[in-house]
Amino acid sequence: YKSLIELNVIFAKADIALLGKTVKLTAQDQTNLTALFAKKHEVLSTPNLSEERKKVVIKSIDAKLRATLSSENMAKVDANPELLKQLTQH
């Protein structure tokens, strides 16, 4: 069985692959976002996570995603609300 950390990285890489279908990511973007998305999966899978805490985490992920991607790439993500929701909330 894989550890939870390994599973979160696998889920994060799936997020990267999904994002990569819409925007071109540099190796550095992929590294930064893999860490971000792994943390997202770790936190959002916390048992009994309050809705308030969940909202804070989602806002933080959104802000970090915007800080990492170029404005051109972020515009492509914003144009696809389902993608943005997948990347920040699931």
Side-chain angles (χ1 to χ4, degrees):
Y1 286 62
K2 295 192 179 293
S3 73
L4 287 177
I5 293 171
E6 289 172 315
L7 283 175
N8 289 334
V9 170
I10 290 168
F11 294 145
K13 288 185 178 183
D15 288 341
I16 295 292
L18 187 64
L19 179 58
K21 292 178 180 177
T22 301
V23 301
K24 185 168 173 52
L25 298 170
T26 66
Q28 188 62 51
D29 289 343
Q30 289 181 22
T31 300
N32 293 340
L33 292 173
T34 298
L36 174 66
F37 293 148
K39 187 68 175 171
K40 170 194 76 169
H41 287 287
E42 175 189 339
V43 174
L44 293 181
S45 65
T46 303
N48 303 321
L49 185 67
S50 72
E51 280 302 310
E52 184 177 317
R53 177 75 180 124
K54 188 175 182 181
K55 287 177 184 177
V56 169
V57 169
I58 290 167
K59 276 187 168 183
S60 174
I61 293 163
D62 185 87
K64 290 176 182 174
L65 182 63
R66 290 176 190 286
T68 301
L69 295 179
S70 69
S71 56
E72 180 182 321
N73 280 345
M74 199 60 226
K76 292 177 184 175
V77 174
D78 283 333
N80 185 340
E82 280 302 310
L83 174 62
L84 183 59
K85 184 176 181 182
Q86 176 68 33
L87 295 175
T88 59
Q89 299 180 33
H90 297 286

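Just the heavy atoms: all of them, side chains too, but no hydrogens, waters or symmetry mates, feed the values below. Here the structure is a predicted model, which means the values were calculated and not measured. When a residue number appears, it is its place in the shown sequence, counting from 1.
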* Answer yes or no: does atom NZ of K76 have more than 12 heavy-atom neighbours from other residues, nucleotides or ligands under 6.0 Å? => yes
* Considering only heavy atoms from C-beta outward, does the side chain of T88 approach that of F37 to under 4.5 Å? -> no
* Single-linkage hydrophobic cluster L49~I61, side-chain heavy atoms < 4.5 angstrom -> yes
* To do: Show your working on side-chain contact (heavy atoms from CB on, under 4.5 Å) between L83 and K85 and close with a plain yes or no.
  => CA-CA 5 Å; L83 174 62; K85 184 176 181 182; over 6 Å; no
* Stepwise side-chain contact (heavy atoms from CB on, under 4.5 Å) test for T46 and N48 -> CA-CA 6 Å; T46 303; N48 303 321; over 6 Å; no
* Single-linkage hydrophobic cluster, 4.5 Å side-chain cutoff, L18 and F11 together -> no
* Taking side chain as C-beta onward, heavy atoms only, is L36 less than 4.5 Å from K40? -> no
* Under 6.0 Å from the CZ atom of R53, do we count more than 12 heavy atoms belonging to anything else shown? -> no
* To do: Would you sort out whether D15 and H41 count as a side-chain hydrogen bond (donor to acceptor under 3.5 Å, both in side chains), showing the intermediate values?
  => CA-CA 10 Å; D15 288 341; H41 287 287; 2.8 Å; yes
* Asked: To the nearest 0.5 Å, what is the distance between NZ (K39) and CG (L33)?
  -> 16.0 Å
* Is the shortest side-chain N to carboxylate O distance from K55 to E52 below 4.0 Å? -> no
* To do: List the atom of A12, the atom of T34, and the distance in Å for their closest heavy-atom pair.
  => CB-O, 3.4 Å
* Is it the case that one hydrophobic cluster holds both L25 and V77, taking links as side-chain heavy atoms less than 4.5 Å apart, direct or via other members? -> yes
* To do: Apply side chain to side chain contact (heavy atoms under 4.5 Å, CB included) to L4 and list each qualifying residue two or more places apart in sequence or on a separate chain.
  => L7
* Structure fact -> Value for OG1 (T68) from NZ (K64), rounded to nearest 0.5 Å, stands at 9.0 Å
* What are the two closest non-hydrogen atoms of D29 and T26, and how far apart are they? -> N-OG1, 2.9 Å
* Asked: Any chain of hydrophobic side-chain contacts (each under 4.5 Å) joining L87 to M74?
  -> yes
* D62 versus Q89: any side-chain heavy-atom pair under 4.5 Å? -> no
* Cluster question for you: counting only ILVMFWY and a side-chain heavy-atom cut-off of under 4.5 Å, with indirect links fine, are I16 and L44 together? -> yes
